[in-house]
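Report on the following structure.
If you read the sequence from its start, that first residue is 1, and numbering goes on from there. A quick note: this is a predicted structure, and the numbers were derived from the prediction, not measured. Just so it is clear, the values below take in all heavy atoms, side chains as well, and ignore hydrogens, waters and symmetry mates.
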Amino acid sequence: MEAQAQGLLETEPLQGRDEDAVASADYSSMLSEEEKEELKAELVQLEDEITTLRQVLSAKERHLVEIKQKLGMNLMNELKQNFSKSWHDMQTTTAYKKTHETLSHAGQKATAAFSNVGTAISKKFGDMSYSIRHSISMPAIRRK
């Protein structure tokens, strides 16, 4: 009995098949004429309220646009402000700070490594240049 009672007291929202079953059920035969009339009146009232709310929302949105125009705000400025705020928020996160620090350190090491490679290559070219100049200027010594 408790399992059946639990089924009636479910708090989860209806899902797929449940919604279809409820939608296809015909409850009109279980309602009295008076209840039907009350529900119809409530339905009309709800539809009217929804229409009114849509009109109020539309008027408020127009008013919002007018105020933004008077303040010189437009979509592009809002996007820039949102982007700036998001960028600032991201830069203040711990993950960003750690990543920035790690990449900065790696960049310094890479710069030092490239500098060392460049120095070694320059030295090697310098040695080769000296060797070529030396061999050209002393041909007699080379032939012996």
Side-chain angles (χ1 to χ4, degrees), residues 1-31 35-36 38-144:
M1 181 74 172
E2 189 174 305
Q4 288 177 339
Q6 183 66 21
L8 295 174
L9 301 175
E10 287 183 11
T11 57
E12 296 297 317
L14 296 178
Q15 300 292 324
R17 288 185 311 211
D18 298 331
E19 290 176 355
D20 294 340
V22 170
S24 63
D26 183 17
Y27 296 107
S28 62
S29 62
M30 298 182 345
L31 300 173
E35 289 173 324
K36 287 180 185 178
E38 287 176 9
L39 288 175
K40 286 179 183 178
E42 185 177 352
L43 180 64
V44 169
Q45 182 182 359
L46 284 172
E47 288 174 342
D48 288 344
E49 288 176 6
I50 290 170
T51 301
T52 302
L53 289 171
R54 284 186 178 140
Q55 291 170 348
V56 169
L57 177 62
S58 178
K60 287 190 179 284
E61 286 175 337
R62 282 192 303 272
H63 187 62
L64 174 76
V65 169
E66 290 171 5
I67 290 172
K68 285 183 177 183
Q69 286 174 344
K70 288 178 183 177
L71 292 172
M73 298 170 69
N74 60 25
L75 181 61
M76 199 58 169
N77 287 342
E78 286 186 50
L79 288 174
K80 286 178 189 176
Q81 288 173 350
N82 288 343
F83 180 76
S84 294
K85 184 182 181 319
S86 297
W87 179 248
H88 178 267
D89 291 347
M90 188 198 60
Q91 286 179 317
T92 58
T93 63
T94 305
Y96 177 85
K97 289 177 181 176
K98 286 182 179 179
T99 302
H100 179 71
E101 183 179 306
T102 302
L103 291 176
S104 178
H105 186 65
Q108 291 170 355
K109 286 194 173 226
T111 300
F114 284 129
S115 177
N116 290 341
V117 168
T119 301
I121 290 172
S122 294
K123 185 176 180 200
K124 194 68 169 172
F125 279 140
D127 292 347
M128 288 173 49
S129 175
Y130 173 77
S131 177
I132 292 171
R133 272 188 273 131
H134 188 324
S135 64
I136 291 174
S137 64
M138 303 188 134
I141 298 174
R142 261 198 68 99
R143 289 186 194 157
K144 289 186 179 184

Rounded to the nearest 0.5 Å, what's the gap from [atom1] on [X] to [atom2] on [Y]? Could you check?
X: Asn74; Y: Asn77; atom1: CG; atom2: CG; answer: 4.0 Å
X: Ile121; Y: Asn116; atom1: CD1; atom2: CG; answer: 11.0 Å
X: Thr93; Y: His88; atom1: OG1; atom2: NE2; answer: 11.0 Å
X: Gln81; Y: Ser84; atom1: CD; atom2: OG; answer: 8.0 Å
X: Gln45; Y: Ile50; atom1: CD; atom2: CD1; answer: 11.0 Å
X: Glu42; Y: Glu49; atom1: CD; atom2: CD; answer: 9.0 Å

(request) May I ask you to check whether over 12 heavy atoms, not counting those of Met76, lie within 6.0 Å of atom CE? (result) no
(message) Using only atom types and a distance under 3.5 Å, with no angle test, would you say the side chain of Thr111 pairs donor to acceptor with the backbone of Gly107?
(response) yes
(request) Without swapping roles, check the side chain of Ser104 against the backbone of His100 for a donor-acceptor pair under 3.5 Å. (result) no
(request) State, to 0.1 Å, how close Glu35 and Met30 come at their nearest heavy-atom pair, and which atoms those are. (result) OE1-O, 4.2 Å
With a 3.5 Å cut-off and sequence neighbours excluded, list the donor-acceptor pairs that the side chains of residues 55-64 form with protein atoms.
{"unit_1": "Ser58", "atom_1": "OG", "unit_2": "Arg62", "atom_2": "NH1", "d": "2.8"}

(request) List in chain and number order the residues that pass side chain to side chain donor-acceptor pair (under 3.5 Å) with Asp89, two or more places apart in sequence or in another chain; answer none if no residue qualifies. (result) Lys85
